[in-house]
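Report on the structure given below.
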Amino acid sequence: MRCRKCGESAALELRRHNAAFCVPHFTEFFRKQVREAIHHYRMFTPDETVMVAVSGGKDSLALWDVLIEEGYPTVGLYLDLGIFDYSRESREKCEAFAAARRQRLLIERVDAAIGAPIPEVQKATRRPTCSACGLSKRYLMNRAALTHGFVVVATGHNLDDEAATLFGSVMHWQTDALSRQSPALASTHPKLVRRVKPLYRLSELETAAFAFLRGIDYIVEECPFAAGATSLAHKEALNRLEAASPGVKHNFLFGFLEKARPAFERGQDVQLTECASCGQVTTGEICAFCKLADQVKRRSTPLTRSSGDPSQ
Ligand code: Q46
Ligand code: ZN
Ligand code: ZN
């Protein structure tokens, strides 16, 4: 196997691109894909500080690494979900990454905002853990960016994440979710910051290879709540299709973005207002996060409070 660019011995084969690359040309390929994503969707300009939401995993730290190397001003945001050792270790990875590169890292504790760490929220509300967690993350990312004056938040979602989300939305024909699925969501309200996903053109495998080759120390363990999540089943199904027919994941996502998404976008103009309780953006009177926090407050018993995160 020879590198497509220089003919030297290749370190990686990318079947969906029908290409192989040596290490320097693979990292160049990776950066080029990120650059293309940023330019195609006009995600941000060189003078906008990008708030990078980091989890300590390979994707978000690889993204932060590329943006720093590309010369963008960045700041990291770590949301401490209070998920036992997983949160402690992933926070340490983010802190070490930021310190080694002399970058600013902001840390927000979910329990301080919602009244309990994520594992307790399910017990208090009966809402599935990942659903409460996802809602809290989106809310707190937006709030942190507004508080600190940043106009754009970048997340490390890759091609596999995006294809799996799309697959899930199609399986249930969630037209709302389909209209919102995009590598870049513009700010549609002064209190809603732009959200972008500069890794959407790169697969999970490519991101893992890049993180490894760049010597990024990331948390390998998954969140303990990830096991059994439907998104994992969707990823596995897509991986089987991809193994049989390389490029199918790419075609599924890119075909949707180019051909189908505009149809779902039409007629989805929702009226945004400000939550009567916290002032953040919502479509109703009280935002979903405030409702969740209220449920936690009302249903938390002294027993659940005292059985909090044993790692803290
Ligand atoms: S962190 Fe949160 Fe994920 Fe853990 S609880 Fe679920 S949503 S799996 S990306
Ligand atoms: Zn080469
Ligand atoms: Zn609110």
Side-chain angles (χ1 to χ4, degrees), residues 1-14 19-30 32 53-60 78-87 89-91 94 110-111 113-123 125 127-143 146 155-158 160-162 164-165 168 189 191-192 197 204 213 219 221-235 272-297 309:
M1 237 180 4
R2 299 267 146 206
C3 170
R4 177 201 263 184
K5 288 271 180 180
C6 67
E8 292 291 312
S9 157
L12 260 121
E13 187 189 11
L14 306 182
F21 292 108
C22 65
V23 171
H25 283 124
F26 170 70
T27 49
E28 182 46 35
F29 159 85
F30 193 92
K32 197 172 154 230
V54 285
S55 66
K58 62 183 185 324
D59 303 296
S60 53
Y78 176 74
L79 297 176
D80 189 337
L81 305 169
I83 303 178
F84 319 126
D85 284 352
Y86 169 75
S87 284
E89 283 166 29
S90 55
R91 177 178 170 155
C94 294
V110 170
D111 61 356
I114 203 167
I118 288 298
E120 298 296 323
V121 172
Q122 192 272 340
K123 288 184 208 157
T125 63
R127 190 178 174 134
T129 305
C130 288
S131 145
C133 179
L135 160 70
S136 305
K137 285 196 282 195
R138 283 190 296 279
Y139 177 92
L140 292 171
M141 271 182 228
N142 189 66
R143 195 177 79 175
L146 285 177
T155 56
H157 293 93
N158 59 38
D160 293 56
D161 298 323
E162 291 301 280
T165 303
H189 186 280
K191 285 196 170 179
L192 200 58
K197 301 167 184 171
E204 196 151 321
L213 294 170
I219 183 160
E221 292 79 44
E222 292 269 4
C223 166
F225 294 104
T230 39
S231 60
L232 268 193
H234 293 155
K235 273 190 181 177
L272 294 176
T273 56
E274 289 177 22
C275 169
S277 172
C278 72
Q280 295 267 347
V281 175
T282 179
T283 49
E285 198 194 334
I286 301 288
C287 79
F289 183 83
C290 284
K291 284 182 192 159
L292 189 70
D294 188 52
Q295 268 182 314
V296 172
K297 212 187 305 158
D309 182 352

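Below, all heavy atoms of this structure are taken into account, side chains as well, without hydrogens, waters or symmetry copies. In each ligand, atom 1 is the first atom listed, and ligand 1 is the first ligand listed.
Distances from the Zn ion (ligand 3) under 2.8 Å pick out these protein N/O/S atoms: Cys275 SG, Cys278 SG, Cys287 SG, Cys290 SG. Protein N/O/S atoms found under 2.8 Å from the Zn ion (ligand 2), listed by chain and residue number: Cys3 SG, Cys6 SG, Cys22 SG, His25 ND1.
Defined by atom type and a distance below 3.5 Å, a donor-acceptor pair is missing between the side-chain atoms of Ser55 and Tyr78.
Proximity of Leu79 to Met141: side-chain heavy atoms (C-beta onward) are separated by under 4.5 Å at one or more points. Side chains of Ile83 and Pro117 form no contact here, defined as non-hydrogen atoms less than 4.5 Å apart. When side chains are defined from C-beta on, Leu292 counts as touching Ser136, because their heavy atoms get closer than 4.5 Å. In this structure, the side chains of Glu221 and Glu89 come closer than 4.5 Å at one or more pairs of heavy atoms. Contact of the Asp80 side chain with the Val110 side chain is not registered, since no non-hydrogen atoms from C-beta on lie closer than 4.5 Å.
In this structure Cys133 satisfies the side-chain contact (heavy atoms from CB on, under 4.5 Å) test together with Leu81, Ile118, Lys137, sequence neighbours excluded.
Within the protein, the number of N, O or S atoms lying under 2.8 Å from atom 6 (Fe) of ligand 1 is 1.
For the side chain to side chain donor-acceptor pair (under 3.5 Å) criterion with Lys235, the lone passing option out of Asp160, Thr165, Asp161, Thr230 is Asp161.
Ion pairing of Glu8 with Arg2 is absent here, as no side-chain N (NZ or NE/NH1/NH2) approaches a carboxylate O to less than 4.0 Å. Here Lys58 pairs with Glu204 in a salt bridge; the nearest charged N to carboxylate O distance falls below 4.0 Å.
Taking 4.0 Å as the cut-off, Glu222 does not count as a neighbour of ligand 1 on heavy-atom distance.
Atom CD of Glu222 has 12 or fewer neighbouring heavy atoms from other residues, nucleotides or ligands inside a 6.0 Å radius. Surrounding CD of Glu13 are more than 12 heavy atoms belonging to other residues, nucleotides or ligands, all under 6.0 Å away.
For atom 3 (Fe) of ligand 1, the closest heavy atom belonging to the protein is Lys137 NZ, 3.8 Å.
Ring pair Phe26/Phe21 is tilted by interplanar angle, where 30° to 60° counts as tilted.
Taking every non-hydrogen atom of Leu81 and a distance limit under 4.0 Å, the qualifying atoms of ligand 1 come out as 1 (S).
Checked by atom type and distance alone, the side chain of Ser87 never pairs as donor or acceptor with a backbone atom of Phe84 at under 3.5 Å.
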